[in-house]
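Take a look at the following structure, please.
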Protein chains: 2
Amino acid sequence: MVVPSGPAFQYLKVKTHLREGIASGRWRPGERLPSEAELTEAFGVSRMTVNRALRELHQEGMVERVQGVGSFVAQLHRIASTLTVRDVHDEIAARGHQHEAQVHLLEEVAATEAQAAEFQLQPGARLFHSIIVHRDNGVAVQCEDRLVNPACAPDYQAQDFTQVTPTHYLLEVAPLSEARYTIEAQRPSPLEAKLLGMPRGEPCLVVRRCTLSLGQVVTVVRLVHPGGRWMLQGSFQA
Amino acid sequence: MVVPSGPAFQYLKVKTHLREGIASGRWRPGERLPSEAELTEAFGVSRMTVNRALRELHQEGMVERVQGVGSFVAQLHRIASTLTVRDVHDEIAARGHQHEAQVHLLEEVAATEAQAAEFQLQPGARLFHSIIVHRDNGVAVQCEDRLVNPACAPDYQAQDFTQVTPTHYLLEVAPLSEARYTIEAQRPSPLEAKLLGMPRGEPCLVVRRCTLSLGQVVTVVRLVHPGGRWMLQGSFQA
DNA sequence: CAGTGGTCTAGACCACTTG
DNA sequence: AAGTGGTCTAGACCACTGA
C-alpha cells in the first residue's frame, strides 16, 4: 500500500503516547525511550513520522536526544515558561477596557557613556527619548521611559503616540529579531511616582527590555507598573 | 540521484533564507511568502524539506500558515519570550555561589475554602504547608511559602529540604504537566520581612505558581524575593 | 477547477556511539 | 559491526480555499 488511510495524524498518536508515558511516570526522567525503529514497528508507521513526533517532543524540552545513543526523558528541572509580554494597548483592549496614552516628553538627547555603550554608538550620539503614561479606564498602569536609535526609526519624533504605541510603531519599522529583558521590583523614581499618581514608597514591577533588529539595538525601554495595578501572567504546558 | 551530497542541512538553508528575508523587511508582516512548491523549485530540494522549514518557522511564531491559501509573515505584535524559572538551587549554583536552605515550618493543615477550591479538594482536606528561606552566599534571596497536595507527594513531610529543594523533590515524584503563574511587585508580609531580614516597606518581586500533574494540582507556591537582591532575566530570539 | 498546505511512505546515506 | 538518531527524497492522498 501507499497510504493506508490518509492523514490520521499518526505523529500525534506517537507523540501523545510518549507524552502520556512520561507524564504518568512510566518512563522516569533520564530513562531511555524506545528507539525510532521500535516505535516505527509498534505503531506501523514510517520512520519519518516517528522522527517528527520525537523531534517535536525534543523541541518542547520534554525529550533529550543523543545521536548514536538514543532518546531520553528530559530532566525537567527548569520550568521554561512562555511569558507573553504584549503591547499595553492590546492587553488593555483585550480586557474590554479603554486605553489612553499621555505623552509627557518627546525629545532628542545626546547619549551618555553608558547609553552609548548599550546602543553600540559613540558617546554623544543622538538618541530619541520619550516618556509616556498609559491608562486603563483612566487608571495609570504603566510609565514607559524609552530611548530609541534614530538610525532604526528616523521619524520617531513625528509620530502621534496617543494613537499608536511606540512598541507597535517600532515593530512596524524595525522587525524584531531579538529581545533581552529583566523583571524586578523597585520603588518608582520621584518623577515616575508623580506621573503615575502613586506614593513614592509603593512597590513597582519594573520591566527593562532591550530590543534588537538585524543586530542593531533599536530601543531600550523601562516599563514601570504600580504594584497593585498590574501583574504579569503566564502558563506552561508539558 | 538518490541523495546528492548527504546531509547539507537543506531545511536550514531554506529557513535561514526566509528568516533573513523577514528580518530585513523584504517580506513585510502580513505579506505572503513563496509557496512550498516555489521554494521546492528554487532550492532544488524536496517538498518535505521545505515543509519542515516553514513548519518550524510557524512553531517559532514567525510565520502564519493557512491551508489552501498560503504562508504569511506573522504580525509580531506580541513578544512571546521564554522566561526560564529555574530551581533556586540551580540558579545559585550556576553563579558559583553557595546555596543554603532554612526550614522555618513544615506542617499539616486543613484547607481553607479558597485553598480547597484551588486544589480541587473539599474544604478541610489535609494539605502540607512549608516555609523555607533560601540564601545565596548567606544572603536571603527567596522566601518560599508552599502548599502541597498530599495525594501527589505523601512523603513530603519526611524530606530534608535543607538538602533537596521542594521544587526538585516534587518534580521527581510528580512529573510536571502544566504550570500557571503570576509575577507582581508587593510589600512583604510581616513574617516574610522578618524571615528575609528586610524592612517592611521594601518592594519584593512575588512569583505565585500553581503546578499541575496529570490534571491534579500538585502544589501552589508563593516565592517572595527582596527587590534589590533578585531579578528575573530572559531573552527572545526571532 | 487549480493551487495551497497537512500528512505520510519506504526507502536512502550519513555521523555518531558503543561493544 | 550493529544500532542509534539526523537528514533527505520523490512520490502520494487529503482537506481546504478561492476564482
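The chains referred to below are lettered A, B, ... by the order of the sequence lines, with proteins before strands, and numbering in each begins at 1.
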>> What is the separation between atom CD on E36(A) and atom C1' on dG5(D), rounded to the nearest whole Å?
In response: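 Answer to the nearest Å: 5 Å.
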>> Under the side-chain contact (heavy atoms from CB on, under 4.5 Å) test against R146(A), which residue among I132(A), V220(A), T167(A) passes?
In response: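 Exactly one pass, corresponding to T167(A).
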>> Rounded to whole Å, how long is the line connecting atom CZ of F72(A) with atom C1' of dT17(C)?
In response: 11 Å
> Rounded to whole angstroms, how far apart are CE on M48(A) and C1' on dG5(D)?
Replying inline: 13 Å
> Which nucleotide in the set dT9(D), dG6(C), dT7(D) lies at the smallest distance from any side-chain heavy atom of N51(B)?
Replying inline: dG6(C)
> How do P34(A) and V45(B) order along DNA chain D: which one's closest nucleotide is nearer the 5' end?
Replying inline: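 It is P34(A), whose closest nucleotide lies nearer the 5' terminus.
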Measure all distances between protein nitrogen or oxygen atoms and nitrogen or oxygen atoms of nucleotides 16-19 of chain D, and list the pairs falling under 3.5 Å.
{"residue": "dC16(D)", "atom": "O4'", "partner": "Q67(B)", "partner atom": "OE1", "Å": "3.3"}

> Which nucleotide, dG5(C), dT9(D), dT4(D), lies nearest any side-chain atom of S35(B)?
Replying inline: dG5(C)
> Can you check the Q10(B) CD to dG6(D) P distance for me, whole Å?
Replying inline: 18 Å
> Among V221(B), V207(B), V224(B), V103(B), whose side-chain contact (heavy atoms from CB on, under 4.5 Å) with E144(B) holds?
Replying inline: V221(B)
> Going by modelled atom types, is there a donor-acceptor pair between the base of dG6(C) and the side chain of R47(B) at under 3.5 Å?
Replying inline: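 Side chain to base: pair found, below 3.5 Å.
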> Would you say the side-chain atoms of N51(B) and R55(B) include a donor-acceptor pair closer than 3.5 Å?
Replying inline: yes
>> If I take atom OH in residue Y11(A) and atom C1' in nucleotide dT9(C), what distance separates them, rounded to the nearest angstrom?
In response: 16 Å
> Tell me: CZ of R55(B) to P of dC8(D), nearest whole Å?
Replying inline: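 To the nearest whole Å, that distance equals 13 Å.
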> Counting side-chain heavy atoms from C-beta on, which of dT4(C), dG11(C), dG6(D) comes nearest to R65(A)?
Replying inline: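 When the side chain of R65(A) is considered, dG6(D) is the closest of dT4(C), dG11(C), dG6(D).
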>> Checking contacts here: which listed nucleotide (dT7(C), dT9(C), dA10(D)) is nearest the side-chain heavy atoms of S46(B)?
In response: dA10(D)
> Ignoring hydrogens and geometry, is there a side-chain-to-backbone donor-acceptor pair from T162(A) to A101(A) under 3.5 Å?
Replying inline: no
> Ignoring hydrogens and geometry, is there a side-chain-to-backbone donor-acceptor pair from T16(B) to K13(B) under 3.5 Å?
Replying inline: no
> How close or far is atom P of dG5(C) from atom CD of E56(B), stated in whole angstroms?
Replying inline: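 Value for this atom pair: 17 Å.
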>> Is any side-chain heavy atom of L127(B) closer than 4.5 Å to one of H129(B)?
In response: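 Answer no - side chains too far apart.
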> More 5' along DNA chain C: S71(B) or T49(A), using each one's nearest nucleotide?
Replying inline: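 It is S71(B) whose nearest nucleotide is closer to the 5' end.
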> Could you state the CZ-C1' distance from R52(B) to dT7(C), rounded to the nearest angstrom?
Replying inline: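 Atom CZ in R52(B) sits about 16 Å away from atom C1' in dT7(C).
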>> Which residue is it: H99(B), H97(B), H168(B)? I am looking for the one with a ring pair (Phe, Tyr, Trp, His ring centres under 6.0 Å) to H89(B).
In response: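 Result: among H99(B), H97(B), H168(B), H99(B) is the only option passing the ring pair (Phe, Tyr, Trp, His ring centres under 6.0 Å) with H89(B).
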